Structures are given as C-alpha cells and as structure tokens.
Amino acid sequence: MSKYKAVIGLEMHCELKSNSKVFSSAENSYSEIANSNIRPVDMAFPGTLPVANKKSIRDAIKMAMVLNCEVPEYMYFDRKNYYYPDLPKGYQITQFDSPVGVNGHIEIECNGEFIPIDIHDIHLEEDAASMDHLYDTSVIDYNRAGVPLLELVTEPCIHSAEEAVAFLEHMRSAYKYCDVSEADTKKGQIRCDVNVSIMEEDATEFGTRVEIKNINSFGNVYDAINYEIKRQSELKDAGRYDEVEQETRRFDEESGTTIRMRSKADAIDYKYFVDPNLPKYKITNEWLEEIREEIPKLRNERKQEYMSNYSLSDYDATILVKEKEISDYFEKCIEIGMDPKEACNWVNVNIIAYINKYELEIKDIYLTPEMLKFIVDNIKNGTISSKQAKEVFFKVLDEKKEPSNFISKENAQISDVNELEKIIDEIIGYSSSQVEQYRSGKDRLFDYFVGQVMKNTRGKANPIITKELLHKKLDI
Amino acid sequence: MEYMNKSLTKLHELLKNGEVTSQDLIKESLEKSHTLQEKCNAFVTILDDAKEERVTDNILSGIPYGVKDNYSTKGILTTGSSNTLKDYVPFFDATAITKLNEAGAVKINKTVLDEFGMGGTGTTGHTGNVLNPWDTTRICAGSSSGSACAVAAGVYPYALGTDTGDSIRKPAAYCGIVGYKPTYGMISRYGVFPFASSLDHLGVLARSVEDSAIVVDQMKGIDKNDMTSWDSSNIHLYDSLTTDSKGKKLCYIKELCDISNYPNADEELKLHLENFNKTLELCKELGMEVNEVSIDRKLLNAIYSTYVVIHSAEATSNMSNLTGLIFGPRGEGDNYITMIKDHRTKGFSPLIKRRFIIGSYVLQKENKERYFNNAQRVRRLLVDAWKELYKTYDAVILPVGIGPAKKFEDLNKELDTNTIALDEHLQVGNFGGFPSITIPNGFINNLPVGVNITGNCYDDINVLNIANSLENAMEYKGQTIGGVVNE
C-alpha cells in the first residue's frame, strides 16, 4: 500500500436505451450486421440535420436528478470539433456550456462505510462509430454512431480503487433501476476514463494528474488505478516524481499496466460552440416534476429499509436489491401480506436459484407473488407440508399452472387427529419391541415412529400433529 | 412564341387551356439553358432528360424551374459547386425539392453557386465564373449566381436559391429580378448543403413578388427532419397578396442612405442613392409613411466583421464532414490524416480555405471570447436594433449594394471602407432571421439595381405586400434581360 494519498476522478460513459438514436431516426439496438442501423445523418451526408430524441433528454434529466444535480432552464447542445474516422460529421454533438446536470452529490457504500461523492457534471452526447483495426486495414461500423451516451464526471474526490469501483457499481445499479440503460459492460455499454494523481497525506496541492482512457470493465478500472498509484508512488519514492507527466495513458489488459498514449500538451482544442441546428429547448417545471415522479427508490435506500424495517440481514438485503425486478417482486410479496422474512427466504433461495439455473429473468417466471403467497398460506393452515410446498412451487414454475392445481384433497396433508391416531395405533401394534426399547430410554427410536407414520401416509401426515400424538401415546 | 419569360399564373392559365403543353415548356427551357450556358456558364448540370409533369390545379405543375446546386436532388449530381463533391449523387431529396416534386414542378437544371454558398461573386464555383447576362463583363454576385442569371435570362420563371448573407437578395438586384428569403425556418433546410446553419435560409429568385409568393407557399412547412422549422400552415402568402399598402410605415437608415456619408462616392453610388430616394418618394405617393431613422454608425460598421466571424466558424465545422472518406473523391495517403488533407487541399478553393482558417482561429480557446463570443453579442445588438425599429415600422427599406453589378476586372480593387456597411447590411436579415425581399427599382448605366424590404420575423405577408405594391407602381415586374417587360 502506498504511503501517499491517491486522488481519483472518474468519467463514466453509459449508453442509454431508446428506440432511435439520440439525434437520428436510426434504430438504437445492438446488431451483429455492421452498418445496418444507420440513416444518412449517421454518416453525415451533406444536408442532413440532427433531431433530438426527447426520451433520451428525459432520461438524461432523470439521471441528473438521481445525482442531485442542478438542471438548467434551457437544454441545448454544443459541437466538439475534431477529425477522426469514427466521427463522420467532424464534430460530436455534446454538452459543454450547459450540461443537463451540474454540481451534484451522492453517497455510496464501500466496505460498510458511507462515502460522499461530488459530481462535476453529467451530460448527454452522441457516441462515435466503432472501429476495428485489422492487420493492414481498418473497418468502421456506424451502427454505434449516434447512440445516446450519458457522460458523468466526478470531482477528484475518490481515494482508492475500491471506492472507484463501488461508485461505478452504484451508478450501474442506478442506471438499471431507472431503466435508462442496460448498463452492460460486456456489450461495451459502459466505458470509463480515470484520472489518477498522488500527494503527500498532508499536502494541499494535487499532484500531477494522469488520465487513463477508455477502460471497458470495472475490474480493469480497479487494476489500472492500483497500477497507476504504484507507478507514481515508486517514482516519487525514488525522487523521480518529475517523470510523472500530465499525459493520457491506456490500460493494457495483458500486462496489467498502463501505457503512454500522448502528452496533455498535445491536447486538441475542440473549438466548442453551440450547435445552431438544435434550438434551445425550455425545460419546464411541470416536465421536471413528471420526470421526478418516475424515479424509483434506488438500491441503497431499499437495502437500508429492508434491514431496518424488516430486520433482514445485510447479506439477504444485498441479494434482494441487486436487481430492481427482484426487489420489486419482494416488495410486492410484502404488499400483499407475506411475512418479510418468509418472502425473503423464498425469493433469495428458491426463486433466484431457479432463474439462475434456467438463465431467466424474474419477470419471465410464471409464479406471481400472489401464487407464492397462496402456497405459503397453505403451509400455514396445515394443508400442505413445507416439502409439499416446494414441490408445488416447482410444478407451478415448470407446468405454468396455478398452484391450486397441485394442492388438492388427494395430496393434502393429513391433519385429522382421528385418522392419524388410527394409523399410529396400528404402528404401535406391530412394533411392540421398539415401543418397549423406547420406553426403557432409547429416545432415538422416536424418529422411527415418525418415519413409520410418514411411510404409511406417503409423507402426507402433518408432522407437528403426528409428533404430538406419538408423544401422547408413547410417553406414558 | 416564347413562354419561359412569362409569369407563373399566365403559364398555368395557358397550360390549363391547352394552349401549350408541359413538354413544350421543357423543350424551350432546355434550349434556353444551352444557349445561356454558352453565354454565361450558369449551370453545373442541364437535365436534358427532364420529363413532363401532369398539369393539375397546382400553379407550379408542369412548369420548369432551376435548382441551385446545393439542394440535394435524388439521383441527380449535386456538387455545391465544389471539387470536394464533384461526382456526388445524393440518394435523397431535400425537403423543399420533395415539396416541389409533389406540386409537379419540373427541374430543368442545377445552377452554379459560389462554392457551398460561400462568396458573393459567382467566381468560386468549380465550373468557373458565372457571367451577368445583362453585361457579360460583369458578375452576377452570388452565391445564387446561376439561379439569378437564368431567371433574368428567361430560362424559366423561377429558380431556387439559398441566402446566408445576401446570396439571394444581392444577385437578384444585380440581375434585375426579385429575390425573396422568408423568415428563418419557414422552409426546411433538410437536404440543403449547410454553409452557416444559424444564418442559412432557403428562398427563391423570380421575376415578380407574386411568383415568389407562389413558390415559397409550396416550399415552406414544418419538417420533422429540421428542428428549426416551424408550422406556417396558417400563412398563405399568395392568397394574402394585395397591392394596397396605404398607411404602412417604412423607415430607412440615415447612416447608410445619406450621400454625405460617402465623401469618396463615385458616380454609380450617387445615382444609386438618388434612385433609392425616388423609390422612397414613390412609397409616399402610394400612401405609405416613410421616415428616416438613425443607428449608431459603429454598430453598422460591425455588421460585416460580425458576419465573417460567425459564418466562418460555423462553416468550418459544417464542412468537416467533407473528408473524402465516406463520399467525394478519396484523397491519397497512407493514413486517414494524409488522406483527408489531400482531399481538402485539392478540393476547396482558396477563398473557402481562408475562411476555414478564420473560423478555426476565432473558435480557438484563447480567441473565442474576443472574436466568436463578441460577434454573437454584436449580432444580438444588431438584431435588437432592428427589432426596435419594428416596434414602430412595418419594414426597413434600404438600397441593395452600392450600385449595379461590378466588373470582373474590378473585383480585386481595394474597398472603400466607408461603403462596407451599405454593401453588407442585408446580413442583418440573416442575423435576425427576418423575411427580406429585393425587387428591381431602376437602372444605372443600363444596368439593373434593386431595393430591399426587410420586416420582422413571421411578418412575411406584410413584407411581400409592401414589395408587391411598390412593384406594381414601377415598370420592372416580369422583366428579363434588356429590360423587356413580360406578362
């Protein structure tokens, strides 16, 4: 561990969900076929014009609100001008002057501690095309050109790789909870730039900042930060801190190191100016309120609630809130009157195991919270045993039929005292030697009698009543 | 019998009555195109295979027209008069073209412009200079040079133009015809090659206010592909035309129109301003109120530099898509940077390159506040000054330019700094998005000159009516080269 204090700032790019691209009517969806989701504007054919996607703007405002940012009165966009083959217009439409959110702050949880994170800004922009560099040629796929992208920039307020990843996980969850993005790093929907510098613990001035660009997984963010802290610390220890240059580096996955790309001195002047093709758009208070109402309760808030209101363990609560859909399912169970702990056990153990096994999502399963409650209620009123309940649970899921189909007279639990007494008497009748041994102190044989009852009833005997009756008859 | 010198309503009547067919008109228009091409070099493409259109109740049906070569025309070469797009064939129509197609209008040719609309001389197009049909030693002005030239020569009743500084309204004056750009956003810009998006307007060059109104009625309308377009479905320009402008209030700006501002004035400028004063007298005779107003000379002198800064900045960015990678001739080189450099070095004319450099310079971090941001502020001051006038007046009336069309040989003469504001004031119409129309108002040395009327945003009908009244009281309505007045 370094003796220096690390100062880290993050830029997190996240692709938003939408039917069409952010300034184009082309479809916004992943396609294996290159250059299939494109309109003339995505390739910047002369005379084409951008048209803003209202849903993407709405989603951007929503996330600005989640981050407790100030939202400006007018929405407008800037051009960021530079030449690169993945940018057909020669400029990217983004927000420079007036981002959709500024000066935000949130609290994240990291190793059981709550840490405040300051947000510099969050802004909406268009993604560039994707490129593949082959052996002697490069190919461009414009499917990604114009996909809505939300870029979030933190203040340099993070001090470890753990905190950085906790923040990114927090945000990924927020994007998913708000249903504005799939936030899938495997699909390249999240990409990060990381700024790292080190300083003496008591120093007041930041050290030299190094930027590591375009990291595509949280694991790599973690490794890149730690590598960079180590590299800079070693140089500082060796009295060679002046070799830490303000520069842009990239993370090399194979070697687990960062590699210099260019000096900040060569930084491009992007010559920002307001895009005249997208007129200023007034964000009314009514609209803001409408959007605010759509924001669901987020992960951390739910987790705290589950722990304090329902006394669930940190472990259980964490599992429940991992996916919003699962958490929603759990909340529905409680809403219709299930016991929270019981609901938690069913969801965390049985339902999650089932959806993981079949790679399903909770919304795809046939069993509704109402059905789950019906099954559990039948355990409580003694109609079925816990074991039977499990069978019913799987039958409902597999056969996609109401649970009442599997809870009938024929397989109902036997709770009738007279009927059970008759069976027990019969067993005592043919087990005289076991009765004798039991009564002379061999307590373990009690289980033999329970087993016999279950065998005779094919497991349908109510175990509690059965035990009561056996004690009554044997413990004389 | 000659037809292409006639008005739209007259041609429509003749077509309806079966006295002439669309095919006859196309044949005549094509013949005239070829003749004029020999004389003035006005066209990039002449559409010899133009097909006749069925004559309907739409006035434009079956009648030929010209298209400035920066309007995308599906399947037809569209170059922007630039080598960077010398072989570019769009696969979609500009929205304005789609609307004219729906009317059954017949495209006859694509007209030469100053490269991508940048320039006011008609000398920067990749096909060479466009000559003024009144006097081929002179320019047409630009950038809608070919369109103005062809309409004045009677190739067809109207041609489409674009106007970023004065690119419709100045060539119209120099060619003795009408040039009208409606309020910003009334016509969708979709499919028209951009020059400076915040200043770019579409419009028409024609031989009467009436014809201009008919054409813009067809071109206009809100378009889902252009967020700056607006719904004008309740505005009917042609149906709203009258020749009665009694009681309308006009103003002109003393600092621009008074000859005493120009100590070095040449004979042409003197005659031009005298002629303008006659037009003012005529307005009064028509029952309009005409007043002289004053605007700070400093502000007026800033018009042109403001225009240069803003349009250069926007143009640099707008034309960054011209890399030769996706369309246009691909440059040579072993990586994308050298390929783009090669394409752009070979493709653009020196004038455009100069403006790209200005555009980049004024947007650079260290210069932006001083140049670009200040230009935006001056733009706002100018627009506010004009808007202030519109609180009292229906329109501002001003002379166009400093006389008739210049000779090619005089283009490199040093400018008289005193006359820059007079020469460039039409750019305020672009700063504010104001409806603005130029109509011919006489001759100097047998060359046509024009007068401009500019009103407040969305007040197109008022502007057209003032122009229409004035046009009716003068003898230049429908005029073609040589001063021939047609029906």
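Lettering follows sequence order; numbering is per chain, from 1. None of the values given here were measured: they were computed from a predicted structure.
Neither side chain, A/E155 nor A/H120, offers a donor N or O lying under 3.5 Å from an acceptor on the other. Judged purely by distance below 3.5 Å, without hydrogens or angles, the side chains of B/T78 and B/K110 pair a donor atom with an acceptor atom. Defined by atom type and a distance below 3.5 Å, a donor-acceptor pair is present between the side-chain atoms of A/S18 and A/N28. For the residue pair B/S232/B/K220, the side-chain donor-acceptor check at 3.5 Å is satisfied. B/S188 and B/D223 form a side-chain donor-acceptor contact under 3.5 Å, judged by distance and modelled atom types alone.
In this structure, chain A has heavy atoms under 4.5 Å from both the backbone and the side chain of B/Y190. Of the atoms belonging to B/K365, heavy atoms from both backbone and side chain fall under 4.5 Å from chain A. Contacts between B/L85 and chain A at a heavy-atom distance below 4.5 Å involve the side chain alone, from C-beta outward. For a residue to count as touching a neighbouring chain, one of its non-hydrogen atoms must lie under 4.5 Å from one of that chain's; by this rule B/S360 touches chain A with backbone and side chain alike. Only the side chain of B/F92 comes within less than 4.5 Å of a heavy atom in chain A; its backbone stays farther off. Residue contact with chain B, scored on non-hydrogen atoms closer than 4.5 Å, involves the backbone and the side chain of A/N277 alike. With a threshold of 4.5 angstrom between heavy atoms, B/T228 approaches chain A through its backbone and through its side chain. In this structure, no portion of A/F23 lies under 4.5 Å from any heavy atom of chain B. Of the atoms belonging to A/Y82, not a single heavy atom falls under 4.5 Å from chain B.
Considering only heavy-atom pairs separated by less than 4.5 Å from chain A, the leading option among B/D226, B/L325, B/I340, B/N373 is B/D226. Comparing B/K224, B/Q376, B/R189, B/M339 by heavy-atom pairs within less than 4.5 Å of chain A, the highest count is held by B/R189. Per-residue heavy-atom pair counts under 4.5 Å with chain B were compared for A/V41, A/L278, A/V51, and the maximum is reached by A/V51. Put simply, of A/Y270, A/Y84, A/Y281, the one with the most heavy-atom pairs under 4.5 Å next to chain B is A/Y84.
The aromatic rings of B/F356 and B/F348 sit perpendicular to each other, their planes meeting at more than 60°, with 30° as the lower class boundary.
In plain terms, the two heavy atoms of B/T183 and B/H201 that are nearest each other are C-CD2, 4.2 Å.
Judged purely by atom type and a 3.5 angstrom limit, A/E27 has no side-chain atom pairing as donor or acceptor with the backbone of A/N37.
For residues 353-364 of chain B, there are no salt bridge (Lys or Arg N to Asp or Glu O under 4.0 Å) pairs, not counting sequence neighbours.
Along residues 312-322 of chain B, the residues that come nearer than 4.5 angstrom to chain A, judged on non-hydrogen atoms, are B/A313, B/E314, B/S317, B/N318, B/S320, B/N321 in order of number.
Ion pairing of A/E245 with A/R262 is absent here, as no side-chain N (NZ or NE/NH1/NH2) approaches a carboxylate O to less than 4.0 Å. For the pair A/E211 and A/K213, the salt-bridge criterion is met [side-chain N within less than 4.0 Å of a carboxylate O].
Proximity of the aromatic rings of B/Y184 and B/F434 is defined here by a centroid distance below 6.0 angstrom, and this criterion is not met.
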